[in-house]
Each structure stands twice: as structure tokens, then as C-alpha cells.
A.B. asks: 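Before I ask anything, here is the structure I am working with.
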Amino acid sequence: MLRVDQTVTTTPPFLTQEISLPVKGNTPVNSEYRLLVLDAPRELLDLCRPGQFFNLLCPQAGGEAPYLRRPMSIYGFYPEKGELHFLYKVTGAGTRALATLGTGDELNVVGPLGEPFSIEDDWQHLVLVARGVGLATLAPLAIEANRLSRKLTAICSARHPDYLMSTEHFAALGADVITVTDDDGSSSPQNLETILERLIAEGCADAFYTCGSNRLLRLLQKVGEAHGVPGQIALEQQMACGLGMCQCCVRPLKRDGAIVYLRVCREGPVFDMSEVVA
């Protein structure tokens, strides 16, 4: 039964709910990342869109008591299975506490939050570029692209081949997967620019999508502006409430020839790539 403590209307038609969900799984993906799977009702999962996030109330564990919720991008939402997925890296008190959750434990979440990615009708070949946990944010977008029968190229970057993630997931959705790593130097901006230029020359890049990395953002802005390729980015930012009230996540963006300050949690996290001040 859906137990709703609070419902907040956001930008129509999206709704936000606070709800406690049972844990179905919380397992390592590699030495750095874990996959958290929550048992979620279809009523909640039907509200989710690619690029949105939830604010998680991390438990108290090991003598630590995380005060603020942790914003976390949706890695996957599957109404047919009743599952909500998050991919996270254990880095601090909040994620260390998340890692202690076991099957049957409950986690309080608020979401889905924020503005999602969009796919325009004339964007037939999408290029996804990200590294590390940024790939988690793009995973639901790949599912949506597959549903819409769009062609997909996923450029997955990591420090080392052992840390590459989601490559099999993207390949299973029909994506052409290109892997680059710091270990062999293939993740350098120069090599990535060569790859992007080739995709554009082959007519395989109608739009760029990325998440998080300012280095990747600057590169995609440069190449996109030179060739008229639009794009979207999901920004990563420190947040407190996740609802737009605390103003903690304000960032400068360029709109109509001026600098405006917008909330990543409310007006974002997805923005037009050309607007973002890198």
C-alpha cells in the first residue's frame, strides 16, 4: 500500500511524494560503487522521468548521524517490476550509512524531483557522454531513447577499465558504446574531441547529453557551438531541501544575453547545455 506523508506540486505535470520504501537489494557493482534497489509502487514509478532525482534520508549508522538528505539521480525506474534503482559511490557519512542498509530495511525518500531530460522529434541520433557516477543519470535516458527508437552512442569514461560502468546496460539498449579511460590516455579532451568530430561528420550526432563534469561540459559546448549541435546537461550541485525553498543550489546561467541565477533542484537539474556557465 502506498504510504504518502506529503505531496508537493512541482512544475506540471510532475508530482513529488515523501514515502518510505523497503530495500530489495544493496550490492557492490565494483570496488567503488553500489547499486541500491528499492521496492516501489507503480503509482510512484509512473511519475519518474529521466534526469530527475530523489532526496534520500540516510539512516544513522556507525555513530554517524547525517543531518541533511542526500540528492541522488535515478539510475532506473521499472514500473513492471516495482523497482527504483540508485547507483552511488561511498564517499561520506551519508553514503556510508546507505551502504549499511539490508534487504527489508526501509528508506525514506522524497521525489521524483526536478526537471527531466527531453528528446526533440528531430533528434534521431543521441550522443551520451559521461564518466563515473554521471553515467547513472543518463541510464534512464538511454531507456527512453530505445523506447522512441532513437539511435544512441554512449561514450563512457573512467579512470581505469575496472571502473567503467553501465557499458553492458547501454549495449543492451542498442547503443554503440565507446569506452575511454585515464589509464591509457584515451579520455583526454583532445581524443574525445576527435571522437565527437567523427560522429558529427558521420551524421551520428543530433544532440549531446552529459552530467556533472565541467571538463566534459566545456568540450561539448565548444564542439556543439562549432557545429550547431544542441545539448542538455544534468547539473550536480550541493542541495539541502531539494524543493527550491532553501536556495542552497543556486547557479549562474546565461539567458537572453544576461546572467540569471536559478535553482538546480527546481529549475533543473537538467538545463540547456549552452546556458550553463562552466
Side-chain angles (χ1 to χ4, degrees), residues 1-26 34-61 64-117 133 136-137 139-140 211 234-250 262-270:
M1 180 178 178
L2 183 64
R3 296 177 304 163
V4 178
D5 302 304
Q6 184 179 12
T7 299
V8 180
T9 301
T10 60
T11 304
F14 307 113
L15 296 174
T16 294
Q17 297 178 349
E18 179 180 359
I19 183 173
S20 293
L21 300 175
V23 174
K24 291 184 71 172
N26 190 11
R34 300 179 67 89
L35 176 64
L36 175 64
V37 180
L38 302 179
D39 188 355
R42 186 171 193 122
E43 304 97 289
L44 177 67
L45 298 170
D46 282 342
L47 299 175
C48 297
R49 300 292 184 272
Q52 292 185 303
F53 68 97
F54 278 77
N55 232 7
L56 312 185
L57 183 61
C58 302
Q60 297 184 14
E64 296 180 309
Y67 180 68
L68 296 174
R69 290 176 180 265
R70 297 301 190 269
M72 197 165 292
S73 298
I74 301 170
Y75 182 57
F77 55 96
Y78 304 95
E80 67 282 0
K81 295 192 295 184
E83 291 182 357
L84 179 63
H85 292 194
F86 298 99
L87 187 68
Y88 68 99
K89 183 178 181 179
V90 179
T91 57
T95 46
R96 281 195 297 270
L98 284 179
T100 68
L101 291 171
T103 303
D105 291 338
E106 292 203 344
L107 179 65
N108 182 278
V109 304
V110 173
L113 297 166
E115 292 296 316
F117 287 114
V133 76
T137 306
C211 175
L235 293 179
E236 294 177 345
Q237 192 78 3
Q238 288 186 335
M239 298 180 189
C241 72
L243 299 170
M245 295 181 290
C246 71
Q247 311 291 314
C248 175
C249 61
V250 169
L262 300 177
R263 299 162 296 181
V264 172
C265 73
R266 186 74 177 216
E267 285 80 40
V270 175

A.B. asks: Could you tell me whether the side chain of Leu98 reaches within less than 4.5 Å of the side chain of Met72, counting heavy atoms only?
C.D. replies: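 Touching, per the 4.5 Å side-chain cut-off.
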
A.B. asks: Return the CD to SG distance between Gln237 and Cys248, rounded to the nearest 0.5 Å.
C.D. replies: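 The CD atom of Gln237 sits 7.5 Å away from the SG atom of Cys248.
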
A.B. asks: Please walk me through it: do Leu38 and Val23 pass side-chain contact (heavy atoms from CB on, under 4.5 Å)?
C.D. replies: CA-CA 5 Å; Leu38 302 179; Val23 174; 3.8 Å; yes

A.B. asks: With side-chain contact (heavy atoms from CB on, under 4.5 Å) as the criterion, how do Val109 and Leu56 come out once you've worked through the C-alpha distance, each side chain's angles and the decisive distance to 0.1 Å?
C.D. replies: CA-CA 5 Å; Val109 304; Leu56 312 185; 3.4 Å; yes

A.B. asks: Can you tell me how far apart SG (Cys265) and CD (Gln52) are? Round to the nearest 0.5 Å.
C.D. replies: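 Going from the SG atom of Cys265 to the CD atom of Gln52 covers 12.5 Å.
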
A.B. asks: Not counting sequence neighbours, which residues clear salt bridge (charged side-chain N to carboxylate O under 4.0 Å, His left out) with Arg263? List them please.
C.D. replies: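 Result, salt bridge (charged side-chain N to carboxylate O under 4.0 Å, His left out) vs Arg263: Glu267.
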
A.B. asks: Hey, are the side chains of Pro41 and Leu21 touching, using non-hydrogen atoms and a 4.5 Å cut-off?
C.D. replies: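 Yes, at least one pair of side-chain atoms sits under 4.5 Å.
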
A.B. asks: Is the number of heavy atoms from other residues, nucleotides or ligands under 6.0 Å of Gln238 CD greater than 12?
C.D. replies: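 No.
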
A.B. asks: Is there a side-chain contact between Asp105 and Asn26, using heavy atoms and a 4.5 Å cut-off?
C.D. replies: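 The answer is no, as the side chains (C-beta and beyond) never meet within the 4.5 Å cut-off.
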
A.B. asks: Measure the spacing between CG of Leu45 and CD of Glu80 and express it to the nearest 0.5 Å.
C.D. replies: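 So the CG of Leu45 and the CD of Glu80 are separated by 9.0 Å.
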
A.B. asks: Quick one: does Ile74's side chain get under 4.5 Å of Pro50's, heavy atoms only?
C.D. replies: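 Side chain of Ile74 against side chain of Pro50, heavy atoms only: no contact under 4.5 Å found.
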
A.B. asks: Does any part of the side chain of Lys89, heavy atoms only, come nearer than 4.5 Å to the side chain of Thr95, both counted from C-beta?
C.D. replies: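 Answer no - side chains too far apart.
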
A.B. asks: Rounded to the nearest 0.5 Å, how far apart are CG of Leu101 and CZ of Arg34?
C.D. replies: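 Between atom CG of Leu101 and atom CZ of Arg34 there are 9.5 Å.
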
A.B. asks: Does Asn55 use its side chain to pair, donor to acceptor, with the backbone of Ala240 at less than 3.5 Å?
C.D. replies: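 Yes.
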
A.B. asks: Measure the shortest side-chain to side-chain distance between Phe77 and Leu44 over non-hydrogen atoms and say whether it is less than 4.5 angstrom.
C.D. replies: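 The answer is no; the side chains never approach within 4.5 Å.
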
A.B. asks: If we only count heavy atoms from C-beta on, is the Met239 to Phe53 side-chain gap below 4.5 Å?
C.D. replies: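 Touching, per the 4.5 Å side-chain cut-off.
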
A.B. asks: Under 3.5 Å, is there a donor-acceptor pair between the side chain of Arg266 and the main chain of Val264?
C.D. replies: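 Side chain of Arg266 to backbone of Val264, a donor-acceptor pair under 3.5 Å: no, none is there.
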
A.B. asks: How many angstroms lie between atom CG of Leu35 and atom NZ of Lys24, to the nearest 0.5 angstrom?
C.D. replies: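 The NZ atom of Lys24 is 11.5 Å from CG of Leu35, to the nearest 0.5 Å.
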
A.B. asks: Among residues at least two apart in sequence or on other chains, which ones pass ring-ring contact (aromatic ring centres under 6.0 Å, His included) with Phe86?
C.D. replies: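 Once residues adjacent in sequence are excluded, the partners of Phe86 under the ring-ring contact (aromatic ring centres under 6.0 Å, His included) criterion are Phe54.
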
A.B. asks: For residues Thr137 and Ser73, report the shortest heavy-atom separation together with the two atoms involved.
C.D. replies: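 Heavy atoms only, the tightest pair is OG1-OG, 2.9 Å.
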
A.B. asks: Which heavy atom of Ala97 sits nearest to which heavy atom of Pro59, and what is that distance?
C.D. replies: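 What the structure gives for the nearest pair is CB-O, 3.0 Å.
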
A.B. asks: List the steps and the verdict of side-chain contact (heavy atoms from CB on, under 4.5 Å) for Arg69 and Asn108.
C.D. replies: CA-CA 10 Å; Arg69 290 176 180 265; Asn108 182 278; 2.6 Å; yes

A.B. asks: Nearest 0.5 Å please: distance from the CD atom of Glu115 over to the CZ atom of Arg49.
C.D. replies: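 Going from CD on Glu115 over to CZ on Arg49, the span is 11.5 Å.
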
